[in-house]
Chemist: 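Would you mind keeping the following structure in view while I ask a few things?
Every value quoted in this text rests on a predicted model; they were computed, and no experiment measured them.
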Amino acid sequence: MDKLDEIRTRLDACDDEIIELLTRRMGIIEEIIEYKKESGTPILQPKQEQKQEEALEQKLDGQRYEEEIKDIFRYIVSNSKRIQAKNLFKHNILLIGFMGCGKSTVSSFLCKMLAMDSVEMDAVIVEREGMSINDIFAKYGEEYFRNLETNLLIELSQKNQLVVSCGGGAALREINVQHMKNNGRVVLLTAAPETILERVKDNDDRPLLRGNKNVEFIGDLMEKRRAKYEAAADIVISTDHKSVLEICQEMIGKLMEMDA
């Protein structure tokens with residue numbers, strides 16, 4: 001065996017050890033999530049995640065391959081989160097509710113904490129059509145836009161473990177709700193009209209609120225939609241006066257109860 005072969009043999013041995021250790025680590029991750037589920041411990045623990053990052057920083061301080069190892073650990077942690085998500089959810093999570101109820105914020109946070117893939121339906125439609133929602137409404141009308149939503153929901157129902165932030169009107173069509181439930185749990189996020197107005201007052205990309213940014217109009221429109229929203233929902237979460245962490249913890253808890 002020449003020198004290069006000998007070095008490669010040692011490298012192969014290292015790879016075998018890494019595979020064994022990663023397998024053990026992933027098994028421990030599954031133990032942790034099972035313990036959390038059985039004991040009622042909060043699933044999302046950003047403070048613990050921060051502690052682990054700080055501990056890694058200290059361990060690697062001054063290490064020759066500090067940046068390279070950090071990069072590898074980021075990937076390991078991301079995949080550990082994916083294992084937790086797979087253990088928790090076998091389906092998609094679809095967030096519905098009135099504009100400004102927090103769907104995008106909740107989706108972004110949940111995906112960060114569990115490394116799930118997210119889909120912002122309005123953003124996908126805007127990208128595919130090459131124009132804003134305002135322009136789609138103006139050029140083609142609301143019915144055309146609603147058909148785009150339906151077709152996108154059909155497409156998403158073929159996938160798994162997505163967090164889908166639905167447009168405010170997506171759940172108003174019965175056929176849309178059927179596609180949502182084909183492979184998903186539907187979560188209704190709610191908020192008071194005053195909260196909604198505060199959240200959307202500086203956003204002009206809301207065709208239904210053009211010229212109507214006031215509590216009375218928002219409250220009336222929300223009431224008209226309320227029955228259909230509630231009929232579509234598997235669970236309901238109020239977002240008023242709660243942090244995004246509190247909202248996500250409550251949502252995960254209720255979803256776990258559904259699947260228990």
Chemist: Using a 4.5 Å cut-off between side-chain heavy atoms of Ile, Leu, Val, Met, Phe, Trp and Tyr, which other residues end up in the same hydrophobic cluster as F73?
Modeler: L56, L60, Y65, I69
Chemist: List in chain and number order the residues that pass ring-ring contact (aromatic ring centres under 6.0 Å, His included) with F145, two or more places apart in sequence or in another chain; answer none if no residue qualifies.
Modeler: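 F145 satisfies ring-ring contact (aromatic ring centres under 6.0 Å, His included) with F137 once adjacent residues are dropped.
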Chemist: Measure the shortest side-chain to side-chain distance between L156 and N183 over non-hydrogen atoms and say whether it is less than 4.5 angstrom.
Modeler: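 When only atoms from C-beta onward are counted, N183 and L156 do not touch, as no gap falls below 4.5 Å.
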Chemist: Can you name the side-chain hydrogen bond (donor to acceptor under 3.5 Å, both in side chains) partners of Q161, sequence neighbours left out?
Modeler: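 In terms of side-chain hydrogen bond (donor to acceptor under 3.5 Å, both in side chains), with neighbours along the sequence ignored, Q161 is linked to no residue.
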Chemist: Taking all non-hydrogen atoms of both residues, which atom of D2 and which atom of D5 are closest, and how far apart?
Modeler: OD1-N, 2.8 Å
Chemist: Taking K159 first and then D117, would you say they form a salt bridge - that is, a charged N and a carboxylate O separated by under 4.0 Å?
Modeler: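 No, this pair does not count.
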Chemist: May I ask you to check whether over 12 heavy atoms, not counting those of Q48, lie within 6.0 Å of atom CD?
Modeler: yes
Chemist: What's the spacing between I196 CD1 and F98 CZ if we round to 0.5 Å?
Modeler: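 It is 6.5 Å, given to the nearest 0.5 Å.
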Chemist: Please check: side-chain N/O of R225 versus main-chain N/O of G168, any donor-acceptor pairing under 3.5 Å?
Modeler: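 Yes.
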Chemist: Going by atom types alone, do E129 and Y144 pair a side-chain donor with an acceptor below 3.5 Å?
Modeler: yes
Chemist: Tell me, do M113 and I43 make a side-chain contact under 4.5 Å, heavy atoms counted?
Modeler: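 No, their side chains stay 4.5 Å or more apart.
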Chemist: Report, one line per pair, each donor and acceptor closer than 3.5 Å where one atom sits in a side chain of residues 185-194; sequence neighbours left out.
Modeler:
{"residue": "R185", "atom": "NE", "partner": "D259", "partner atom": "OD1", "Å": "3.3"}
{"residue": "R185", "atom": "NH2", "partner": "D259", "partner atom": "OD1", "Å": "2.7"}

Chemist: Would you give the length of the straight line joining atom CD1 of I125 to atom OG of S132, rounded to the nearest 0.5 angstrom?
Modeler: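 Separation between the atoms: 12.5 Å.
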Chemist: Test of understanding: clusters of I, L, V, M, F, W, Y form through side-chain heavy atoms closer than 4.5 Å, transitively. Do V77 and I29 belong to the same one?
Modeler: no
Chemist: Quick check: is L255 connected to L245 through a chain of hydrophobic side chains (ILVMFWY, heavy atoms under 4.5 Å apart)?
Modeler: yes
Chemist: Please list, chain by chain and in numerical order, all residues satisfying side-chain hydrogen bond (donor to acceptor under 3.5 Å, both in side chains) with E143, sequence neighbours excluded.
Modeler: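 Partners of E143 under the side-chain hydrogen bond (donor to acceptor under 3.5 Å, both in side chains) test: R173.
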Chemist: Which pairs with one or both residues in residues 238-248 pass salt bridge (Lys or Arg N to Asp or Glu O under 4.0 Å), sequence neighbours excluded?
Modeler: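 Non-adjacent pairs meeting salt bridge (Lys or Arg N to Asp or Glu O under 4.0 Å): K242-E250.
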Chemist: Are Y229 and V236 close enough that some pair of their side-chain heavy atoms sits under 4.5 Å apart?
Modeler: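 No, their side chains stay 4.5 Å or more apart.
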Chemist: Does any donor atom in the side chain of N147 or T150 lie under 3.5 Å from an acceptor atom in the other side chain?
Modeler: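 There is no such pair (donor and acceptor under 3.5 Å, judged by atom type) between the side chains of N147 and T150.
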Chemist: Could you tell me whether a side-chain N or O of K103 sits under 3.5 Å from a main-chain N or O of G167, the two making a donor and an acceptor?
Modeler: no
Chemist: Can you list the residues that meet the side-chain hydrogen bond (donor to acceptor under 3.5 Å, both in side chains) rule with S104, with sequence neighbours excluded?
Modeler: E120
Chemist: Could you grab the distance from atom CD1 of I96 to atom CG of N176, nearest 0.5 Å is fine?
Modeler: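 Output value for this atom pair is 10.5 Å.
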Chemist: Going by salt bridge (Lys or Arg N to Asp or Glu O under 4.0 Å), name the pairs with one or both residues in residues 51-64, residues two or more places apart or in two chains.
Modeler: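 Of all non-adjacent pairs touching residues 51-64, those that pass salt bridge (Lys or Arg N to Asp or Glu O under 4.0 Å) are E57-K70.
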Chemist: Say you draw a straight line from CD1 of I33 to CG of L114; how long is it, rounded to the nearest 0.5 Å?
Modeler: 7.5 Å
Chemist: Which pair of heavy atoms, one from D234 and one from G184, lies closest together, and at what distance?
Modeler: OD2-O, 4.1 Å
Chemist: State, yes or no, whether a side-chain contact exists between S157 and M180 at a heavy-atom distance under 4.5 Å.
Modeler: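 They are not in contact (no side-chain heavy atoms under 4.5 Å apart), so the answer is no.
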Chemist: Tell me, with the steps shown, if I237 and K254 meet side chain to side chain contact (heavy atoms under 4.5 Å, CB included).
Modeler: CA-CA 9 Å; I237 306 289; K254 288 186 175 182; 3.6 Å; yes
Chemist: With N151, which residues qualify under side chain to side chain contact (heavy atoms under 4.5 Å, CB included), at least two apart?
Modeler: I154
Chemist: If the condition is salt bridge (charged side-chain N to carboxylate O under 4.0 Å, His left out), which residues does D71 pass it with, not counting sequence neighbours?
Modeler: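 In terms of salt bridge (charged side-chain N to carboxylate O under 4.0 Å, His left out), with neighbours along the sequence ignored, D71 is linked to R74.
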Chemist: For the hydrophobic clusters of this structure (ILVMFWY residues joined by side-chain heavy atoms under 4.5 Å, transitively), does one cluster hold both L197 and M99?
Modeler: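 Yes.
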Chemist: Identify the two heavy atoms, one from L44 and one from C248, that lie closest to each other, and give their separation to 0.1 Å.
Modeler: CD1-CB, 3.7 Å
Chemist: Please round to the nearest 0.5 Å and tell me the distance separating atom NZ of K36 and atom CE of M256.
Modeler: 10.0 Å
Chemist: Determine whether M121 and M116 fall in the same hydrophobic cluster, where Ile, Leu, Val, Met, Phe, Trp and Tyr are linked whenever their side-chain heavy atoms lie under 4.5 Å apart.
Modeler: no
Chemist: So, N92 and N160: side-chain donor and acceptor under 3.5 Å apart, yes or no?
Modeler: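 Checked: N92/N160 side chains show no N/O donor-acceptor pair below 3.5 Å.
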Chemist: Can you name the residues that form a side-chain hydrogen bond (donor to acceptor under 3.5 Å, both in side chains) with E198, not counting sequence neighbours?
Modeler: K201
Chemist: What are the two closest non-hydrogen atoms of C101 and T239, and how far apart are they?
Modeler: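 Shortest heavy-atom contact: O-OG1, 3.1 Å.
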Chemist: S80 vs R25, test: side chain to side chain contact (heavy atoms under 4.5 Å, CB included). Steps then yes/no.
Modeler: CA-CA 9 Å; S80 296; R25 190 184 195 282; 2.8 Å; yes
Chemist: In Å, rounded to the nearest 0.5 Å, how long is the span from OH of Y35 to OG1 of T41?
Modeler: 5.0 Å
Chemist: What I'd like to find out is whether the side chain of I175 reaches to under 4.5 Å of the side chain of Q178, using heavy atoms alone.
Modeler: yes
Chemist: Scan the side chains in residues 81-88 for donor-acceptor partners under 3.5 Å anywhere in the protein, sequence neighbours excluded, and list what turns up.
Modeler:
{"residue": "K81", "atom": "NZ", "partner": "E49", "partner atom": "OE1", "Å": "3.4"}
{"residue": "K81", "atom": "NZ", "partner": "E49", "partner atom": "OE2", "Å": "3.0"}
{"residue": "K81", "atom": "NZ", "partner": "K112", "partner atom": "O", "Å": "3.1"}
{"residue": "R82", "atom": "NH1", "partner": "A115", "partner atom": "O", "Å": "3.1"}
{"residue": "N87", "atom": "OD1", "partner": "K37", "partner atom": "NZ", "Å": "2.9"}
{"residue": "N87", "atom": "ND2", "partner": "E34", "partner atom": "OE2", "Å": "3.2"}

Chemist: Between E17 and R10, is the closest basic N to carboxylate O distance under 4.0 Å?
Modeler: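 No, R10 and E17 are not salt-bridged.
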Chemist: Among D135, N134, I133, which residue meets the side chain to side chain contact (heavy atoms under 4.5 Å, CB included) test with M131?
Modeler: D135
Chemist: Flag the pair I93 / V164 as yes when at least one side-chain heavy-atom distance between them is below 4.5 Å, and no otherwise.
Modeler: no
Chemist: Side chains of L110 and V244, heavy atoms from C-beta outward: is any pair under 4.5 Å?
Modeler: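 They are not in side-chain contact.
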Chemist: Is there a donor-acceptor contact under 3.5 Å linking the side chains of R199 and T105?
Modeler: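 Checked: R199/T105 side chains show no N/O donor-acceptor pair below 3.5 Å.
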Chemist: Please determine whether residues V177 and V163 belong to a single hydrophobic cluster, defined as Ile, Leu, Val, Met, Phe, Trp and Tyr linked transitively by side-chain heavy-atom distances below 4.5 Å.
Modeler: no
Chemist: Quick one, V119 and S165 - any side-chain contact, counting heavy atoms below 4.5 Å?
Modeler: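 Result no, sub-4.5 Å side-chain heavy-atom pair not found.
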